[in-house]
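Counting convention: from 1, in listed order, for ligands and their atoms alike. What you see below is based on every heavy atom in this structure, not just the backbone, and it leaves out hydrogens, waters and symmetry mates. No experiment lies behind these values; they were computed from the predicted model shown.
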Amino acid sequence: MHSLVPLFTLPTHVSIREVGPRDGLQNEERILSTHQKVELINALTASGLQQIEVGSFVHPQHVPQMADTDAVFADIARKPGVVYSAIAPNTIGAKRAVAASTDVIQVFLSASESHNQSNVNMSIAQSLVQAARVAAIAHGAECGFEAVLSVVFGCPFEGDVPIERVLELCERLLALGAEQITLGDTTGMAHPRLVQTICQAFQARFPQAALRLHPHSARGAGLANVLAALEVGVTRVDASVGGIGGCPFAPGAPGNICTEDLVHMLHEMGIATGVDLPALMQCARMLETMLDHEVPGQTIKAGMCQHLSPGGGPRRAVA
Ligand code: ZN
């Protein structure tokens, strides 16, 4: 008998940013009340999540689901040490974000010209100008400033996005003072090898920069892509409670990976997240009631492995 030798060293801890209250809810038809959002975010905080994307300061006409982000920030019970972030696309949004005492303001940019155009009706160059203005406001107010680059792993209009183009845009965003770059697989086109190639290219070019993965699972590869990223040293991952937030280009297909599925997998692997999984699963069930439909997450349906046998049952040790 020969033992299996792992090819990569996996991290001992993964930092999860919960994006359900923003990325998830903005794709839902039903608009939750401010009170419901606050209840959800407070429950997510209580589950031990350290980073929560609360909402976005976009024009309410564009995203009516996020119109009350100011009120949500005012009402949530903030836990010291937890980072409550939001998206601001322009100076108006950035000023609202500062007034709401947002911990981290994020800007969004697409890695492909046609996706940026269709998403925000602007060229990438124009978006970079907006990003610079948002950065100046965030820095002036001593707020954190981070950037999300979407369609990095494939664009529904242009197909593959050249890695050089991705790195060039990351360089521009880092030059604006972005403290973290999130690489987004907005339409679920990534696969594990591509994730490793692009993350390693990023790390080689910007060894000091903080890198986060925003995986989507429109074609079922979400958790495999997370594992691929962990194998090359990425320890920051986005996920959405209940797995809410469908793929904008494929109605009915899943979008964001599900936070409780991710936490379950990581804990089974012996990787810490700081999250109380049963409490998080309660959040997903609460969300089902609020939205009045099932959520895509699988762990709340199948149950935690360690609950399958009486007393938890004997489990093999994870190396
Ligand atoms: Zn997403």
Side-chain angles (χ1 to χ4, degrees), residues 14-29 32 37 40-41 44 49 51-58 62-63 65-66 69 83-89 104 106-112 115-116 118-120 146-157 161 166 180-191 194-195 198-199 211-226 228-229 234 236-263 283-284 287 291 295-298:
V14 167
S15 149
I16 297 174
R17 177 170 59 190
E18 171 55 51
V19 299
R22 199 284 302 172
D23 193 4
L25 291 183
Q26 82 168 33
N27 288 298
E28 285 289 331
E29 214 170 297
L32 298 189
K37 291 179 188 176
L40 176 67
I41 292 167
L44 291 166
L49 287 155
Q51 297 173 73
I52 300 177
E53 197 176 68
V54 170
S56 74
F57 294 99
V58 291
H62 294 151
V63 189
Q65 291 93 333
M66 295 290 118
T69 296
V83 175
Y84 298 92
S85 62
I87 287 163
V104 170
Q106 295 181 91
V107 290
F108 250 80
L109 199 75
S110 299
S112 88
H115 186 269
N116 204 67
S118 96
N119 205 27
V120 289
E146 297 177 0
V148 181
L149 195 57
S150 53
V151 298
V152 164
F153 303 91
C155 167
F157 309 117
V161 178
V166 170
Q180 175 178 265
I181 302 284
T182 298
L183 299 181
D185 181 23
T186 317
T187 54
M189 293 169 77
H191 57 77
L194 185 62
V195 167
I198 294 182
C199 290
L211 169 63
R212 174 176 290 275
L213 183 70
H214 181 94
H216 270 211
S217 207
R219 292 165 185 83
L223 288 179
N225 289 333
V226 171
V234 176
R236 302 160 187 236
V237 179
D238 281 355
S240 172
V241 58
I244 59 164
C247 177
F249 290 87
N256 296 306
I257 61 163
C258 167
T259 316
E260 59 275 15
D261 292 354
L262 172 66
V263 169
C283 297
L287 189 56
L291 294 171
V295 294
Q298 292 170 281

Q.
Please tell me whether Q106 and R22 have a donor and an acceptor in their side chains that are separated by less than 3.5 angstrom.
A. no

**Q.** N/O/S atom of D23 inside 2.8 Å of the Zn ion (ligand 1), strictly under
**A.** yes

Q.
Regarding T182 and E146, do their side chains bring together a donor and an acceptor under 3.5 Å, going by distance alone?
A. no

Q. Is there a side-chain contact between D23 and S240 (heavy atoms, below 4.5 Å)?
A. no

**Q.** Metal-centred angle, the Zn ion (ligand 1) as apex - OD1 of N256, NE2 of H214, 10° resolution
**A.** 100°

Q: Indicate if the distance from the Zn ion (ligand 1) to the nearest N, O or S atom of S240 falls below 2.8 Å.
A: no

Q: Decide yes or no for P21 and K37: does some side-chain heavy atom of the first lie under 4.5 Å from some side-chain heavy atom of the second?
A: no

